[in-house]
Colleague: 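Have a look at the structure that comes next, please.
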2 protein chains.
Amino acid sequence: MAAREYGQYCGVTRALELVGERWALLIVRDLLVGPRRYGELAAGLPRIPSNILAARLKELQEAGIIRRGPRSRIVVYELTDYGRELEPVVLALGTWGFKAMGDPRDEQIVTPDSMTMALRTAFRADVAARLPATDYGARFGGAELRIHVAGGLLEVTRDAALAASVDLSFAAGPGIRRLISGELAPDRAIDTGVIEVLGGRRELLDRFASTFHLAA
Amino acid sequence: MAAREYGQYCGVTRALELVGERWALLIVRDLLVGPRRYGELAAGLPRIPSNILAARLKELQEAGIIRRGPRSRIVVYELTDYGRELEPVVLALGTWGFKAMGDPRDEQIVTPDSMTMALRTAFRADVAARLPATDYGARFGGAELRIHVAGGLLEVTRDAALAASVDLSFAAGPGIRRLISGELAPDRAIDTGVIEVLGGRRELLDRFASTFHLAA
DNA sequence: CCGCATCCCATGTGATACTG
DNA sequence: CAGTATCACATGGGATGCGG
């Protein structure tokens, strides 16, 4: 344990000692979306061995980053206030990593929680504040999300968004990354089949693209 | 190699695949200060095994994060543009880790590069912009730095700052963290010996404390 | 010397199986 | 469902070697 320290008195090293282990920040990423049960975390991180998940949860608890939720009966893990302060770290990593993502490979999956955090990363509150409130229903790979944007605030939920109940409903293929990066115009995304509009007003994809943007 | 991937199509996982290995972000941290030779990196990371340093340098090169510097004759490693974009990640980690630093233990060292990045993390450009240009000479553990603040810009160099050539010269003990966090007032820091003024106008420590601040 | 490469061993990780 | 247990293996750590 003490052998895993870096031997420096420095904020960066301290941070890496606490959340630098493999998988740790991905657990934090998913918990930033909301409290999760052990099995939900395992489902969101399909490649994590169960012993590693258990070990990380114990370490993160001891570090004061997560806690076992208050609702007894069922065990729920949630971030502490200190853990929630890791959000800027996760967003910065997401912003940087976005540029190196390339196109998805077959074995790569998209989980609802990772997609939710990606949307938070790309969200431009200043732009959204100047636009009318909008509800999107979006399907990315296996993740189906309802995206509620209103008054510069973003809310993403896992409700299956019925096409009828939102302003725009669409399914996105692998090319969505280029829509977010601005390399692909919304019209062309629809024309080329990168985005399949399932319902609602298709011209709202423009609004979506200006609300969610990340440099490539 | 491919086994070290997370199997998700997500910016955070991609980032962690590239810089999530042990020591990688600490190499980046030091290179954010400036180009460094192999031996300089090793000196700034005393606990890193040489084989690991060599391996990381190779991986970071292949990922397009660092390159071997242009000056032939001597080998110098430096960040690429993409590598330099990791600065927000390092600063966010430093900000978060600062709160968990506690007091330094005997085996923990302070290196010039880690201290330089810590100063960048704590630097408040907006505050500095409203203050007169100031030069500080500071010694922290083994790191002796010259800190030049002017017009909202910060420049830290490793020149041994002769007491005479700066506005304030001081040596800081372990308690400096509490000065930066605001827990300890500048006057009291001097009175209690946490800060030893070596030369210049001691009242400038006030200015230093308002220029460099991080929440605890 | 500096910039690594090699060796060896302790530890962490990953896949699978198993239990309360 | 929420974890442990086990074991093979990969990686990290420390010392040492070595060529340019």
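Just so it is clear: chains get the letters A, B, ... in the order the sequence lines come, proteins before strands, and each one is counted from 1.
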Colleague: Over how many whole Å does the gap from B:E5 atom CD to D:dA10 atom C1' extend?
Modeller: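 The distance from CD of B:E5 to C1' of D:dA10 comes to 16 Å, rounded to the nearest Å.
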Colleague: List for me each residue that meets side chain to side chain donor-acceptor pair (under 3.5 Å) alongside B:S50, sequence neighbours excluded, and say none if there are none.
Modeller: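 Here no residue qualifies.
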Colleague: With sequence neighbours excluded, what pairs up with B:E40 under the side chain to side chain donor-acceptor pair (under 3.5 Å) test?
Modeller: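 Scan of B:E40 (side chain to side chain donor-acceptor pair (under 3.5 Å), adjacent residues dropped) gives none.
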Colleague: Would you kindly give the CG-to-P distance between A:L45 and C:dA15, to the nearest whole Å?
Modeller: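 It is 13 Å, rounded to the nearest whole Å.
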Colleague: Think B:W23 has a side-chain N or O under 4.0 angstrom from the OP1 or OP2 of D:dG13?
Modeller: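 For B:W23, the contact criterion (side-chain N or O under 4.0 Å from OP1 or OP2 of D:dG13) is met.
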Colleague: Please report the distance, rounded to the nearest Å, between CZ in A:R47 and P in D:dA10.
Modeller: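 Spelled out: CZ on A:R47 to P on D:dA10 is 16 Å.
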Colleague: Take the protein atom CG of B:L41 and the nucleotide atom P of C:dG3, then report the distance between them rounded to whole Å.
Modeller: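 B:L41 atom CG is separated from C:dG3 atom P by 9 Å.
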Colleague: What is the distance, rounded to the nearest whole Å, between atom CD of B:E59 and atom C1' of D:dA10?
Modeller: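 Going from B:E59 (CD) to D:dA10 (C1'), I get 13 Å.
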Colleague: Is the phosphate of C:dG12, meaning OP1 or OP2, less than 4.0 Å from a side-chain N or O of B:R22?
Modeller: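 False: B:R22 side-chain N/O out of range (4.0 Å or more) of C:dG12 OP1/OP2.
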Colleague: Checking B:Q8 against A:R29: is there a side-chain donor and acceptor pair closer than 3.5 Å?
Modeller: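 Looking only at side-chain atoms, B:Q8 and A:R29 do form a donor-acceptor pair, the distance falling under 3.5 Å.
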Colleague: Taking only residues two or more places apart in sequence, or in another chain, which ones meet B:E196 in a side chain to side chain donor-acceptor pair (under 3.5 Å)?
Modeller: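 If we apply the side chain to side chain donor-acceptor pair (under 3.5 Å) test to B:E196, skipping adjacent residues, there are no hits.
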Colleague: Sort by first number and list every stem of DNA chain C: at least 3 consecutive Watson-Crick or G-U wobble pairs, both distances under 3.5 Å.
Modeller: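 Correct response: C:1-19 with D:2-20.
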Colleague: Is a side-chain donor-acceptor pair under 3.5 Å present for A:T134 with A:R207?
Modeller: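 Present: a donor and an acceptor within the cut-off.
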Colleague: For B:I48 and D:dT11, what is the distance between atoms CD1 and C1' respectively, to the nearest whole Å?
Modeller: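 It works out to 13 Å between those atoms.
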Colleague: With sequence neighbours left out, write down each residue that passes side chain to side chain donor-acceptor pair (under 3.5 Å) with A:T111, or none if nothing qualifies.
Modeller: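 Result, side chain to side chain donor-acceptor pair (under 3.5 Å) vs A:T111: A:S114.
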Colleague: Quick one: A:I52 CD1 to C:dA15 C1', roughly how many Å, whole number?
Modeller: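 That distance rounds to 11 Å.
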Colleague: Please list all pairs meeting ring pair (Phe, Tyr, Trp, His ring centres under 6.0 Å) that have one or both residues in residues 98-117 of chain A, counting only residues at least two apart or in different chains.
Modeller: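 Checked against ring pair (Phe, Tyr, Trp, His ring centres under 6.0 Å) - neighbours excluded - no pair reaches residues 98-117 of chain A.
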Colleague: Toward the 5' end of DNA chain C, which comes first, B:A55 or A:E21, by nearest nucleotide?
Modeller: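 Checking each residue's closest nucleotide, the 5'-ward one belongs to B:A55.
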Colleague: With a 4.0 Å limit, can you tell me whether A:R56 has a side-chain N or O closer than that to the phosphate oxygens OP1/OP2 of C:dT13?
Modeller: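 Yes, within the criterion.
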Colleague: Do any pairs count as a salt bridge (Lys or Arg N to Asp or Glu O under 4.0 Å) and have a residue in residues 75-98 of chain A, sequence neighbours left out, and if so which ones?
Modeller: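 For residues 75-98 of chain A, and leaving out neighbouring residues, the salt bridge (Lys or Arg N to Asp or Glu O under 4.0 Å) pairs sorted by first residue read A:R67-A:E78, A:D81-A:R84, A:E85-B:K99, A:E87-A:R120.
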Colleague: Return each pair, listed once, that meets ring pair (Phe, Tyr, Trp, His ring centres under 6.0 Å) where at least one residue sits in residues 15-55 of chain B; pairs must be two or more places apart or across chains.
Modeller: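 Residue pairs with at least one partner in residues 15-55 of chain B: A:Y6-B:W23.
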Colleague: Spell out protein contact along nucleotides 2-7 of chain D as letters: B when the base is contacted, S when just the sugar-phosphate is, - when no protein heavy atom is under 4.0 Å; keep the 5' to 3' order.
Modeller: SBBBB-
